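Take a look at the structure set out below.
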Number of protein chains: 2
Amino acid sequence: MDSAVAREKALDAAEELFYGRGIRSVGMDDIRGASGVSLKRLYQLFPAKEQLVVAYLERRDVRWRERLTASVERHEDPRQRIPAVFDWLAEWFAEDGFRGCAWINSYGELGATSEGVATQVRAHKEAFRSYLASLVSDAGLPGPLTGQLFLLAEGAMVTAGITGSTHPAAEARKAAELLISAQGH
Amino acid sequence: MDSAVAREKALDAAEELFYGRGIRSVGMDDIRGASGVSLKRLYQLFPAKEQLVVAYLERRDVRWRERLTASVERHEDPRQRIPAVFDWLAEWFAEDGFRGCAWINSYGELGATSEGVATQVRAHKEAFRSYLASLVSDAGLPGPLTGQLFLLAEGAMVTAGITGSTHPAAEARKAAELLISAQGH
DNA sequence: CAACAGGGAGAACGCTCGTTCTCCGTGTTG
DNA sequence: CAACACGGAGAACGAGCGTTCTCCCTGTTG
């Protein structure tokens, strides 16, 4: 088995297990069992568990933002792209096995003890925020709206994760529209 | 040492350590060391670690909501009470050792594996939401505003926790005011 | 064929941790 | 004083886990 393939299999298993059960409750042996990648190979690819965790967060970040932008950019009109963010959140919340935001969860679990994890989480949130900023700017809306939309999105993710409902996405979308029409020129 | 006193000391230590470092990274022996309550006594008071965790979240919930309401209710005018929620969040975020919302963090860490913790978290968030609902209703504002304010507050807590800044509270307050004037009659 | 590099299975190691147990000292009660 | 309940200190136990090591098989190279 190719080294790149083993790496992907390991990350697939890591993503499913870490996201579904939390990071500390998943052992390296669980990763081996779920991925079929031997411990020896796992430790060649990721010399310590923390590096596997960071790699999991990194790959998920890339994919998550790709999915978001692909969905949002189906709309040509920059004014429609902001509500589309919340529509995509609703789709995400409805997925099987949704358990909240992987980065918020990881931060709650390891933010205080793992610098690598904390850094990944901050980078992901910063990237999301700056994507929102670009949407706000492209729509000709005032910059301070960005932070407000960001808070609504974060609140929706947390609340959907805790309650298991998709409704926060619609609530946040509605609030976003009101904020836009209150502040758009 | 009185049993009630030992219980409070144990909970004091639990609160400081669990909140500051995460729950799984704190051992019962750490609690003993920080509280001065022997292991024997700890296990008399809380037959398993999970029960100590739940008791920590319960006591913190009561105190957190007391502090919030005490601060909010210094304002007589029901219209001023909603912004006051966000002002109090700003004070909370500025406290030494602030590391985000204890319930969101606990949920990220243990929500998937501990039913007791998940239940506590949902109860706390439900209580907070229904307090907001009462403020909205007392101010004569439309019910759907509640969910929007709730999302702003949750987003602010998460973001303040991750970034270490108090600014999300002010952003959320500003957004809340705009939503109120957009929807107030 | 001979030598060897690579990798798999899984045992082993060392540490942490939740929980329980042992031993001992102290204070109280009759 | 005698008997005993209570609680503290900390050892002990058993499980889980991150990480490494051993042993063996297989395929490749000269």
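The sequence lines fix the lettering, A, B, ..., with proteins before strands; numbering per chain opens at 1. For clarity, every value in this text was computed on a predicted model and none was experimentally measured.
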Starting from B:L89, can I reach B:L68 by hopping between I/L/V/M/F/W/Y residues whose side chains sit under 4.5 Å apart? yes
Please say whether the positively charged group of A:R60, taken as NZ for Lys or CZ for Arg, lies over the ring of A:Y19, i.e. under 6.0 angstrom from the six-membered ring centre and within 45 degrees of the axis. yes
In whole Å, I'd like the distance from the [atom1] atom of [X] to the [atom2] atom of [N].
X: A:Y43; N: D:dC21; atom1: OH; atom2: C1'; result: 13 Å
X: B:D29; N: D:dC13; atom1: CG; atom2: P; result: 17 Å
X: A:M28; N: C:dG10; atom1: CE; atom2: C1'; result: 16 Å
X: A:Q51; N: D:dG18; atom1: CD; atom2: P; result: 14 Å
X: A:R21; N: D:dG16; atom1: CZ; atom2: C1'; result: 13 Å
X: A:L39; N: D:dC23; atom1: CG; atom2: C1'; result: 16 Å
X: B:D30; N: C:dC17; atom1: CG; atom2: P; result: 6 Å
X: B:I31; N: C:dT16; atom1: CD1; atom2: P; result: 17 Å

Report yes or no: does A:N105 contribute a side-chain atom to a donor-acceptor pair with the main-chain N or O of A:R99 at less than 3.5 Å? yes
Between A:W103 and A:H124, what is the ring plane arrangement, given parallel below 30°, perpendicular above 60°, and tilted in between? parallel
Of A:R24 and B:Q44, the one whose closest DNA chain D nucleotide lies more 5': B:Q44
Assuming nearest nucleotide by heavy-atom distance, tell me which of A:R32 and B:S25 is located more 5' along DNA chain C. A:R32
From the set C:dG8, C:dT19, D:dT19, return the single nucleotide nearest to any side-chain atom of A:R41. C:dG8
Closest of C:dT19, D:dG18, C:dG8 to the A:S38 side chain is C:dG8
Under 4.0 Å: is that the gap between some side-chain N or O of B:K40 and OP1 or OP2 of D:dG8? no
